[in-house]
Each structure stands twice: as C-alpha cells, then as structure tokens.
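Atoms within a ligand are numbered from 1 in the order they appear, just like the ligands themselves.
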Amino acid sequence: MISLNAVRADITTLGVDAIVNAANSSLLGGGGVDGAIHRAAGPDLLAACRRLNGCPTGQAKITPGFRLPARHVIHTVGPVWHGGMRGEAALLASCYRESLVLATAHGLRTLAFPSISTGVYGYPIELAAEVAVSTVRGFSPDAGDVLDVTFCCFSETDLGVYTALL
Ligand code: AR6
C-alpha cells in the first residue's frame with residue numbers, strides 16, 4: 001500500500017526515513033535543494049557522494065543522512081527541460097520510480113520528495129507534478145509493505161498544484 005500527501009516545508013527539516021535530493025549527475029553538490037541538503041547534512045555527505053562516482057539522469061543512489069533528521073538521502077538526477085520532446089517526462093518518471101525502488105530495497109517506509117527538475121532545470125511545475133503524482137501512485141511495493149510518500153513543496157503555489165492532484 002502507498003499513501004501520498006503534500007506539505008509546504010524545507011525538506012531538510014523532515015524526520016523521515018529518506019529525503020530525496022534533486023541533484024546533478026556529478027552528485028558533488030549545487031544550488032537549490034541540493035545546496036540546502038549538503039549544508040544541513042554537513043561535509044560527510046559530500047565525502048560519501050564522492051565515492052558514488054556520479055549518477056546518470058533518471059537514476060538514483062543512496063547515502064546516509066549524516067546530520068539531517070532524515071536517516072538517508074536518495075540522490076536522483078532530474079532531466080533539464082528542453083520543451084518536452086526530449087524524453088523529459090520518461091526521465092522524470094524514472095527518477096521517482098528508481099527512488100522508490102531504492103527506498104523499498106533498503107526497507108525504508110517514509111520518503112519525502114522535492115519537486116524534482118522544477119527549479120534550475122526549468123520543468124514546468126504543473127507538468128512535473130502530474131508525472132510525480134501518477135508515477136508514485138502507479139508504484140506497487142511488495143505485498144504487505146506500506147510506503148508513506150510526502151511531496152515537499154517549497155512554495156505555496158507548488159503546494160496548490162500538488163494538492164489539486166492528490
Ligand atoms: N526544501 C524543499 N524544496 C526546495 C528547497 C528546500 N530546502 N530548496 C529548493 N527547493 P532545484 P532542479 C525546491 O533548482 O530543478 C542544483 O544546483 C525548489 O523551489 O533545487 O532539479 C543541482 O545541483 C524547486 O521547487 O532542482 C542541479 O544542478 C525544487 O526544489 C540542479 O540544481 C527543485 O529545484 C537541479 O535542478
């Protein structure tokens with residue numbers, strides 16, 4: 001079973017099993033939510049990320065959460081928006097799916113996603129939220145597993161978009 005909800009929050013404050021980071025393929029930090037997560041987790045996170053040798057777009061990798069209240073960070077790399085004809089939706093869906101696969105493989109039950117690709121990477125929020133919600137809804141955890149997924153929105157506008165879809 002999988003339950004979905006949306007909140008407005010700074011994702012670095014959430015005490016869940018894992019928060020998802022909207023990273024870039026180097027996994028060596030950046031701005032936006034990536035910068036906030038690295039600042040809050042402390043330097044050990046960067047050291048752990050260095051050992052991962054990057055991550056292709058649409059894939060996901062996991063580290064501990066270090067100083068974060070979240071126990072783990074799942075790093076995924078969203079697509080850059082180029083107008084929608086370059087496989088962006090499939091790549092974005094893959095980010096959500098691969099993060100869920102990784103979470104369940106590690107026995108994690110509570111997971112929070114930021115709105116991947118909708119900041120620096122320019123993916124329109126309405127389109128991205130549709131992909132996010134439909135992909136998470138369509139994910140089937142193993143029988144008996146219960147997954148609690150939070151869409152963590154940074155703005156009231158984004159929260160409105162997610163709330164309308166849920
Ligand atoms: N908590 C929750 N959401 C946040 C936070 C936060 N603390 N800070 C920002 N957001 P972005 P992208 C929201 O740009 O578009 C980085 O440099 C933000 O308002 O962080 O996937 C990486 O290293 C937006 O809704 O990620 C990559 O190079 C959402 O998080 C690149 O940006 C995603 O915005 C990735 O770009």
| Between Arg67 and Asp44, is the closest basic N to carboxylate O distance under 4.0 Å? | no
| Short list, please: which atoms of ligand 1 are under 4.0 Å from a heavy atom of Asp158? | 25 (O)
| query | Tell me, do Met1 and Leu147 make a side-chain contact under 4.5 Å, heavy atoms counted? | reply | no
| In the protein, what heavy atom is nearest to atom 33 (C) of ligand 1, and what distance, to one decimal place, separates them? | Ser115 O, 3.3 Å
| said: Taking the basic N atoms (NZ, or NE/NH1/NH2) and the acidic carboxylate oxygens, is any pair closer than 4.0 Å for Arg109 and Asp17? | reply: no
| query | Could an N or O of ligand 1 be found under 3.5 Å from any N or O of Ala23, whether backbone or side chain? | reply | no
| remark: Near Gly30 (heavy-atom distance under 4.0 Å), the atoms of ligand 1 are 17 (O), 23 (O)
| message | Under 4.0 Å, heavy-atom basis, I'd like to know which part of Ala22 is in contact with ligand 1: side chain, backbone, both or neither. | response | both
| query | So between Phe154, Trp81, Phe113, whose heavy atom ends up nearest atom 3 (N) of ligand 1? | reply | Phe154
| Side chains of Phe66 and Val73: closer than 4.5 Å at any heavy-atom pair? | no
| task | Could you tell me the residue and atom name of the protein heavy atom closest to atom 31 (C) of ligand 1, and the distance to it rounded to 0.1 Å? | result | Tyr121 CE2, 3.6 Å
| query | In the protein, which heavy atom is nearest to atom 1 (N) of ligand 1, and how far is it? | reply | Ile11 N, 3.0 Å
| message | Side-chain heavy atoms nearer than 4.5 Å, only ILVMFWY residues, links allowed to pass through others: does that put Leu100 and Ile62 together? | response | yes
| request: Among all protein heavy atoms, pick the one closest to atom 14 (O) of ligand 1 and tell me residue, atom and distance. | output: Val120 N, 2.8 Å
| message | What I'd like to find out is whether the side chain of Thr150 reaches to under 4.5 Å of the side chain of Phe113, using heavy atoms alone. | response | no
| task | Kindly indicate whether the side chain of Phe151, heavy atoms from C-beta on, has any atom under 4.5 Å from the side chain of Ser115. | result | no
| query | What residue and heavy atom of the protein are closest to atom 17 (O) of ligand 1, and at what distance? | reply | Gly31 N, 2.7 Å
| For atom 7 (N) of ligand 1, closest protein heavy-atom neighbour | Asp10 OD1, 3.0 Å
| Which residues share a salt bridge (charged side-chain N to carboxylate O under 4.0 Å, His left out) with Asp34, sequence neighbours left out | none
| field | Short side-chain to backbone donor-acceptor contact, Gln59 and Cys55, under 3.5 Å | value | no
| Heavy-atom side-chain contact between Pro114 and Val20 under 4.5 Å | yes
| To which protein heavy atom is atom 15 (O) of ligand 1 closest, and what is the distance rounded to 0.1 Å? | Gly119 N, 2.8 Å
| If you measure from each heavy atom of Ser117 to ligand 1, is any distance below 4.0 Å? | yes
| If you count the atoms of ligand 1 from 1 in the order shown, which ones are under 4.0 Å from a heavy atom of Asp34? | 22 (C), 23 (O)
| field | Backbone or side-chain N or O of Ala36 under 3.5 Å from ligand 1 N or O | value | no
| task | Using a 4.0 Å heavy-atom cut-off, say whether Ile37 meets ligand 1 through its side chain, its backbone, both or neither. | result | neither
| Considering only protein heavy atoms, which is closest to atom 24 (C) of ligand 1, and at what distance to one decimal place? | Thr118 OG1, 3.7 Å
| Pairs flagged by salt bridge (Lys or Arg N to Asp or Glu O under 4.0 Å) wherever residues 112-124 is involved - sequence neighbours left out | none
